[in-house]
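Worksheet: one structure, shown below.
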There are 2 protein chains.
Amino acid sequence: MNEALEHKLKIRQVRPTAMRLLVLEALEKQASAVSLQDLESAFEKADRITLYRTLKTFQEKGLVHRIEDGTGATKYALCEVGCECAPEDLHVHFHCNNCQQTFCLPKIGIPAFQLPNNFSLQEINLMAKGICAACR
Amino acid sequence: MNEALEHKLKIRQVRPTAMRLLVLEALEKQASAVSLQDLESAFEKADRITLYRTLKTFQEKGLVHRIEDGTGATKYALCEVGCECAPEDLHVHFHCNNCQQTFCLPKIGIPAFQLPNNFSLQEINLMAKGICAACR
DNA sequence: ATAAGAATGCAATACCATTGCAGTCCTGCT
DNA sequence: AGCAGGACTGCAATGGTATTGCATTCTTAT
């Protein structure tokens, strides 16, 4: 049905099933990162496990990245075009302690810093927490 | 038994019980952050719940801070003297993807960055992941 | 010495992530 | 079009961590 969505899946070797298109569409509509529970309540008819595996597939194929915001539940957000989930691609995430939403802040790169000798960097994750603009 | 440890607890309004002194001593000996499981295997005789509540108390009183390193299990590490767990006090944590240990890197402050308008900051957490010096 | 409150230990619960398996759907090939 | 193989989906079940309830024990202040 939606050519653009199908294309996004195909170029990443993900077969565009109805379920996946729906999930992808839902992710694109969201300003904030979604948890498995969020998806589950958005699609009452779909199975929790299927949604879980859909997100896992998306993650493995580089469509979304996982965010651990410390609430206990993992959240997922769409990767930017060209995102390889390498340190230099990553950005800051902001978790609102009031509404519990987690946002990607792609315009803010993570500032560089120096690791101790012989430590090698593979991933990096900067979680900021506080109150978002909508909750003030 | 150990005056210095007792003092550390008392000045933070934590009653220095035997259990707490043992846990505090164990934390001081550790170079890396400890999980509940780590403590549990270090003190086979102690109850998991008691250790959990001990850590929770320590956290509430500002003795330790929690670290979510993305492994699913929360880890805890001693706060520095004067640490209020406010953004400017926090430092980088490093998680080794090989040995699964999580280290505090207190000498590296988190570089400042700009949040969007009307976002207010309360906490901040920078998790770096890779391979530590001992595992290379 | 005693009463109040704190700390401990056992049991039970809740929640999230993950896997196994069987049925269904899709795709490519003949 | 028919068929075989693989991918996807849904249900059930499992594992692990965090958390709470409650009764008992310990500590402290009067």
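In this text, all values refer to a predicted model and were calculated from it rather than measured experimentally.
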C:dC10 C1' sits how many Å from B:E40 CD, rounded? 14 Å
Between B:Q100 and B:N97 (side chain of the first, backbone of the second, donor and acceptor by atom type, cut-off under 3.5 Å), is there such a pair? yes
In whole angstrom, give the distance that lies between atom NZ of A:K45 and atom C1' of D:dC11. 18 Å
B:R48 side chain near C:dG9 phosphate (N/O to OP1/OP2, under 4.0 Å): no
Between D:dA7 atom P and A:L9 atom CG, what is the distance in whole Å? 17 Å
Phosphate OP1/OP2 of C:dT8: any B:K56 side-chain N/O under 4.0 Å: no
Under 4.0 Å, heavy atoms only, any strand: does B:T50 hit a base, just the sugar-phosphate, or nothing? base
Take the protein atom CG of A:D47 and the nucleotide atom C1' of C:dT24, then report the distance between them rounded to whole Å. 14 Å
Whether the side chain of B:R53 and the base of D:dG21 hold a donor-acceptor pair under 3.5 Å is what I'd like checked. yes
Side-chain N or O of A:T74 versus OP1/OP2 of C:dA17: is the shortest distance under 4.0 Å? yes
Check whether any side-chain N or O of A:R20 sits under 3.5 Å from a backbone N or O of A:T54 as a donor-acceptor pair, and report yes or no. no
Could you tell me the separation between the CZ atom of A:R20 and the P atom of D:dA7, rounded to a whole number of Å? 11 Å
Output the single nucleotide from D:dT17, D:dA12, D:dT20 whose closest atom is nearest the side chain of B:A73. D:dT17
For A:T17 and C:dC25, is the shortest distance between a side-chain N/O and OP1 or OP2 below 4.0 Å? no
Taking the side chain of B:R15 as heavy atoms from C-beta outward, which of C:dT8, C:dA6, C:dA17 is closest to it? C:dA6
With a 4.0 Å cut-off, would you call B:E28 and B:K8 a salt bridge? yes
Residue closer to the 5' end of DNA chain C, A:K75 versus B:M19 (nearest nucleotide): B:M19
Please report, rounded to the nearest Å, how far the C1' atom of D:dT25 is from the CD1 atom of B:I49. 17 Å
Protein-nucleotide distance (A:E60, atom CD; C:dA17, atom P), rounded to Å: 15 Å
On DNA chain D, compare the nucleotides closest to B:Y52 and B:P16; which residue's is nearer the 5' end? B:Y52
Cut-off 3.5 Å, side chains only: do A:E68 and A:N125 have a donor facing an acceptor? no
Under the side chain to side chain contact (heavy atoms under 4.5 Å, CB included) rule, what do B:H95 and B:K75 come out as? Steps first, then yes or no, please. CA-CA 11 Å; B:H95 175 73; B:K75 294 191 178 168; 4.2 Å; yes
Rounded distance (Å) that lies between atom P of D:dC8 and atom CG of A:L24: 15 Å
